[in-house]
Amino acid sequence: MEPTGGAARVSGVRELDGDPAAEVAALYRRTWPRLIGLLVSIGASRADAEELAQDTYVKLLDRWDKISRYDDPDAWVRAVAVRALVSRLRRQQVAARAMAKLTGRASEVQGPDGDAVDVAAALARITPTQRAVAVLYYVTDLSIEQIADELQLPPGTVKSRLARARQALAPLLEVEEEVPGHA
C-alpha cells in the first residue's frame, strides 16, 4: 500500500489521460463487487456493506492524488473498509453486552441446525478481529504480511488472531461423516 516512486501507477487502471474522476470510476467498477462480498463474509449485512463501501470511496475521492501513486490502491480500499467494519462490529458487540446486562438476558448467536455446516453462523461466533483476519486469509488469499499491512497490525498479531480463529472455528465447522455399515 506504499506509494511508488515515480509517476502515478494504478494497478489495473488503464491510463485515462490523467482524469482522476475516470481513474476512480474504473477502480470503483473493478473493486465494488469483491469489496461487498468481503464485507458480507466478515459479518456485515448487505446494506451495511454497501454503506461502508460508499464511505470508503468517498474517503478515496478526497485522497486520490496520494492513493493513485500507491502500488495497490485496491488494497487501500479493502483495508479502510475492513477496519471500518471491524470497528462497527466491536461497537455492536459492546452495545449487545450492555443491553443483555440491562435486560438480564444473554444474547446468543445461534449455530447451524442439524448436520448442516453454516460457515456464516460459525464466523459470527468469533470476534470481529479474528473474523476479519480469517476471511482475509482464507477468502481473499492474502498473506500474513499483506493482512498485517492492510490492518496496520504486527505480523505476530495477525498470526495469533488467525490461530485463535482456527481454534474457535474447528469445533463449529466439524462435520461427522457416517461410515456405511457402522452404527
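Basis for what follows: all heavy atoms, side chains included, without hydrogens, waters or symmetry-related copies. We count residues from 1, following the sequence as given.
From T31, atom OG1 reaches atom CG of L27 across 4.5 Å, with rounding to the nearest 0.5 Å. Here OG1 of T140 is found 7.0 Å from CD of E150. Values are rounded to the nearest 0.5 Å. In this structure, CG in L151 is found 5.5 Å from CG in L136, a value given to the nearest 0.5 Å. The distance from the CH2 atom of W76 to the NZ atom of K59 is 7.0 Å, given to the nearest 0.5 Å. Of the inter-residue distances, the one linking T56 atom OG1 with R78 atom CZ reads 12.0 Å to the nearest 0.5 angstrom.
L60 approaches I67 most closely through the heavy-atom pair CD1-CG2, 3.7 Å. The nearest pair of heavy atoms linking L85 to G43 is CD2-N, 4.5 Å. When all heavy atoms are compared, the tightest approach of R46 to E50 is NE-OE2, 2.7 Å. Taking each heavy atom of Y137 and L142 in turn, the nearest pair found is CD1-O, 3.4 Å. Here the closest heavy-atom approach between residue P171 and residue A168 is recorded as CD-O, 3.5 Å. For I36 against A49, the heavy-atom pair with the smallest separation is CD1-O, 3.6 Å.
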Let me see the working for I147 and L162 under side chain to side chain contact (heavy atoms under 4.5 Å, CB included), right down to the final yes or no. CA-CA 11 Å; I147 296 168; L162 187 57; over 6 Å; no
I would like to know whether L39 and D48 meet side chain to side chain contact (heavy atoms under 4.5 Å, CB included); could you show each step before the answer? CA-CA 9 Å; L39 296 174; D48 284 346; over 6 Å; no
Intermediate values then yes/no, side-chain hydrogen bond (donor to acceptor under 3.5 Å, both in side chains), R63 and Y70: CA-CA 11 Å; R63 298 168 176 86; Y70 285 7; over 6 Å; no
CA sep, side-chain torsions, deciding dist, call: L52, L35, side chain to side chain contact (heavy atoms under 4.5 Å, CB included): CA-CA 10 Å; L52 289 163; L35 183 61; over 6 Å; no
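The side chain to side chain donor-acceptor pair (under 3.5 Å) check on R90 picks up nothing, with sequence neighbours excluded.
The closest side-chain donor-acceptor pair between R83 and S87, if any, does not fall under 3.5 angstrom.
In this structure, Q93 places its CD atom where more than 12 heavy-atom neighbours from other residues, nucleotides or ligands lie under 6.0 Å away.
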Show the atom names and distances, to 0.1 Å, of all donor-acceptor pairs under 3.5 Å that link a side chain in residues 126-135 to residues at least two apart or in another chain.
from : atom 1 : to   : atom 2 : distance (Å)
T127 : OG1    : T129 : OG1    : 3.2
T127 : OG1    : Q130 : N      : 3.1
R131 : NE     : I42  : O      : 3.3
R131 : NE     : L123 : O      : 2.8
R131 : NH1    : I42  : O      : 3.0
R131 : NH2    : I126 : O      : 2.9

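Not one N or O on the side chain of R125 forms a donor-acceptor pair closer than 3.5 Å with the backbone of A121. Side-chain atoms of S160 never come within 3.5 Å of backbone atoms of G156 as a donor-acceptor pair (strictly under, hydrogens ignored).
Under the 30°/60° scheme for interplanar angles, the aromatic rings of Y57 and Y28 are found to stand perpendicular.
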